[in-house]
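Structure, as structure tokens:
Computed from heavy atoms alone, side chains included, the values below leave out hydrogens, waters and symmetry copies.
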Amino acid sequence: MCGLIGFLSANGDAASVEPALAGSLASMRHRGPDEGGVWFDEDAAIGFRRLSIIDIDHSHQPLPWLDGRYHLIFNGEIYNYLELRERLTTEFGATFETEGDGEAIVAGYHYLGEKVVRELRGMFVFLIWDAQERVLFGARDWFGIKPLYTYSDERGTFFSSEKKSLLDVAPAGLELDTTALQHYLTLQYVPEPASMHQSVRRIESGSYFTMRPGEQVQPHRYFHPDFAIRAVPEPEKLYREIAEVLEDSVAKHMRADVTVGAFLSGGIDSTVVATLAKRHNPKLLTFTTGFAREGFSEIDVAAETAAAIGVEHITKVVTAEEFMEALPRIIWYLDDPVAVPSLVPLYFIAREARKHVKVVLSGEGADELFGGYTIYREPISLRAFSAMPGGLRRGLGRLGERLPEGQRGKDMLRRGSIGIEERYYGNARIFRPEEMGFYKAYDPDVSYMDVTRDLYAQTKHLDDSTRMQYVDLFTWLRGNILVKADKMTMANSLELRVPFLDTEVFAIGSSIPTSEKLTKETTKYALRRAIADIIPAHVLHRAKLGFPVPIRHWLKDVMYDWAHEIITESQADALIDRQAALDLLEAHRVGPHDYSRKIWALLVFMIWHGIFVEERIHPEIPEPAYPVRL
């Protein structure tokens with residue numbers, strides 16, 4: 001795992017930005033503390049920070065290939081690189097000077113062209129400069145595990161793994177994107193391809209681009225996820241296929257020249273990954289985090305699971321004081337605000353894990369691929385509404401609106417009265433449009449449906465639950481889950497690998513009919529059946545907990561003064577009504593309603609604004625220096 005920055009000049013003067021690129025690499029030294037470097041010619045300049053995982057003593061980047069015709073910078077891991085190298089050698093006579101996976105990418109591009117991206121099984125962002133053809137080729141992985149930001153001005157176009165590195169080379173005072181902020185206040189994150197700055201954008205997941213000096217970035221989507229649902233006449237055969245593809249994926253994700261550990265919660269996703277990983281590393285270390293407050297920790301269950309599968313287990317209990325102290329630093333690492341409190345304990349367990357290992361496996365993606373979220377069962381529970389005439393449904397919706405806040409059934413009546421395109425826009429919701437009175441830049445013509453409209457148009461042939469999975473691939477997964485996974489582990493110079501988000505696993509998971517994913521009793525039905533003989537019995541049917549954080553309680557007491565001070569000192573007055581935010585905090589403290597997630601979204605944005613706009617908050621960022629037990 002690493003950090004990269006690149007530049008394609010509009011006027012043949014790439015050398016002039018080389019000092020700025022070298023300086024900007026300091027902003028992402030945490031992504032690659034082992035080594036770094038910059039290379040440039042008249043049109044292109046590229047820089048790199050390396051976290052060495054494979055072929056540690058070689059594979060230095062920027063990586064020249066074919067006598068310097070190509071130069072590569074690459075963040076990620078290619079898990080089928082051995083097979084790809086062998087194919088390129090056998091079919092084309094390719095020769096290699098390293099033992100690394102990066103060289104397989106650039107050689108693949110030379111022989112296969114743009115099609116190489118479809119051959120890569122892994123997580124990746126890369127840039128390849130072809131000095132002979134004077135063309136830059138770049139790509140981002142299938143699911144968006146690794147980030148790539150871009151910024152253009154009169155000098156040319158910049159690319160980077162971290163937005164803050166682009167802010168280092170851009171002029172001060174870049175304008176905020178108020179539409180992106182409005183989406184954040186609804187969704188808890190900024191949806192791709194936007195960022196919180198108008199002129200900084202992201203290359204979307206599953207896309208590549210080819211670009212010549214002076215041109216604009218024009219990405220092309222190569223991954224069009226197809227949920228090609230198939231009949232399952234022999235369910236046991238499907239379960240065997242799932243088990244086999246997971247075992248193969250974990251085996252390939254264990255490829256490394258350093259020690260690989262695993263995150264372990266109380267759920268089935270991390271448990272199956274850790275159990276399979278132990279087959280390849282009998283001395284596997286596992287890690288989990290939680291809180292001292294009862295009901296907000298999976299430490300005991302994780303410890304029981306670790307004992308059952310026979311691995312050494314390390315835990316970290318996070319206090320409210322640590323939570324508050326670390327948050328500005330965490331938001332600096334994030335680049336853009338993400339209002340999901342669970343990223344804070346993830347930061348702490350990544351910090352703990354990095355004392356022992358350099359790579360961890362984790363269970364992200366299983367819910368989106370195998371139907372794990374309880375909300376995916378909603379179309380089943382709302383089936384009676386779907387059969388009603390439209391007028392009756394709308395009448396029930398109006399009835400729901402008249403019920404008092406917190407009344408049982410109020411939300412079901414509201415959601416049952418509207419179609420899926422309107423009611424589901426990702427596995428999150430913070431402020432509804434009617435609650436946005438505090439947001440001074442609110443635009444009634446901007447809707448959360450703008451984010452999902454095309455996704456629903458592409459999935460009219462699918463059932464509602466599967467459409468929800470599809471929407472989550474492009475919203476919740478890449479906007480929240482993978483952002484926090486990348487940013488919080490990379491903040492600690494730790495590589496995180498996600499075996500469920502593998503192209504071969506997706507090929508199986510995306511073909512499973514809803515009847516094999518969701519039942520009245522459970523989610524991820526086929527996955528549970530497939531791994532029933534792999535994981536401990538106490539985990540198999542345990543309800544999903546998912547890194548719960550006690551901010552609902554903390555904001556009433558130990559965090560109240562801290563939150564009040566953040567709101568009071570914030571200078572985001574042109575955007576957020578300060579008094580409205582204070583009133584919301586007080587209403588939460590007094591009760592009876594829980595406004596903690598809404599308050600948290602505002603606090604995260606205000607801290608972000610204090611760091612990146614006001615430049616009033618200056619988190620202390622430690623130098624990355626971690627021992628590794630090999």
Side-chain angles (χ1 to χ4, degrees), residues 114-115 117-118 120 139-145 147-148 179-180 183 186-194 201-209 217-231 364-373 375-380 382-383 386 415 418-429 445-483 500-518:
E114 299 163 358
K115 294 179 181 178
V117 293
R118 296 180 178 87
L120 303 179
R140 189 173 174 212
D141 66 66
W142 306 73
F143 301 100
I145 304 169
L148 183 60
T179 296
H183 286 318
T186 300
L187 304 172
Q188 305 184 76
Y189 58 88
V190 177
E192 291 186 7
R201 287 292 178 257
R202 286 176 283 184
I203 301 298
E204 291 198 59
S205 62
S207 298
Y208 69 82
F209 64 90
V217 180
Q218 295 182 334
H220 303 276
R221 173 158 293 282
Y222 67 87
F223 180 42
H224 300 272
D226 181 16
F227 282 77
I229 307 301
R230 58 173 171 165
E364 281 83 354
D367 290 317
E368 288 80 5
L369 266 62
F370 290 94
Y373 294 122
I375 191 67
Y376 291 161
R377 296 165 63 189
E378 185 182 67
I380 300 173
L382 295 180
R383 196 168 285 158
S386 302
R415 294 176 71 80
I418 57 180
I420 188 172
E421 293 89 348
E422 185 177 354
R423 75 171 182 262
Y424 189 73
Y425 41 95
N427 203 336
R429 61 182 179 200
D445 293 329
V446 170
S447 169
Y448 57 82
M449 295 176 67
D450 299 340
V451 178
T452 59
R453 186 173 292 108
D454 289 345
L455 303 176
Y456 279 115
Q458 294 158 10
T459 55
K460 291 180 179 179
H461 61 292
L462 300 173
D463 65 273
D464 282 355
S465 295
T466 304
R467 296 178 86 184
M468 294 163 79
Q469 288 180 262
Y470 186 91
V471 166
D472 275 348
L473 283 179
F474 290 95
T475 56
W476 184 247
L477 179 66
R478 71 180 188 180
N480 165 56
I481 299 292
L482 295 179
V483 169
F500 279 103
L501 290 179
D502 173 80
T503 52
E504 298 299 319
V505 177
F506 179 80
I508 297 294
S510 61
S511 72
I512 302 173
T514 297
S515 60
E516 286 287 342
K517 291 179 290 192
L518 306 165

Do Ser205 and Arg478 have side-chain atoms, one donor and one acceptor, less than 3.5 Å apart? yes

Any side-chain heavy atom of Met449 sitting closer than 4.5 Å to one from Glu422? yes

Contact check, side chains of Thr186 and Val451, non-hydrogen atoms, under 4.5 Å: no

Given side chains that start at C-beta, do those of Asp450 and Thr179 come closer than 4.5 Å, heavy atoms only? no

Just checking, is any N or O donor in the side chain of Thr466 or Asp463 under 3.5 Å from an acceptor N or O on the other one? yes

Are side-chain heavy atoms of Trp142 and Thr503 found at a separation under 4.5 Å? yes

Please step through ring-ring contact (aromatic ring centres under 6.0 Å, His included) for the pair Phe370 and Phe506, ending with a clear verdict. CA-CA 9 Å; Phe370 290 94; Phe506 179 80; 9.8 Å; no

CD1 on Ile512 to CG on Leu369, rounded to 0.5 Å: 8.5 Å

Less than 3.5 Å apart, any donor N or O on the side chain of Tyr373 or Glu368 sitting next to an acceptor on the other? yes

Any Thr475 side-chain heavy atom under 4.5 Å of Leu187 side chain: no

Mutual orientation of the aromatic rings belonging to His220 and Tyr208 [parallel < 30°, tilted 30-60°, perpendicular > 60°]: tilted

Is any side-chain N of the basic residue among Arg201 and Glu192 closer than 4.0 Å to the acidic one's carboxylate O? no

Hey, are Arg140 and Ser207 close enough side-chain-wise for a donor-acceptor pair under 3.5 Å? no

Taking the side chain as every heavy atom from C-beta outward, state whether Arg467 and Ile420 have any pair of such atoms under 4.5 Å apart. yes

Between Tyr424 and Asp472, does any side-chain donor sit less than 3.5 Å from a side-chain acceptor? yes

Counting C-beta onward and ignoring hydrogens, is there a side-chain heavy-atom pair between Pro225 and Tyr470 closer than 4.5 Å? yes

Smallest separation among heavy atoms of Gly371 and Leu518, with atom names: O-CD2, 3.3 Å

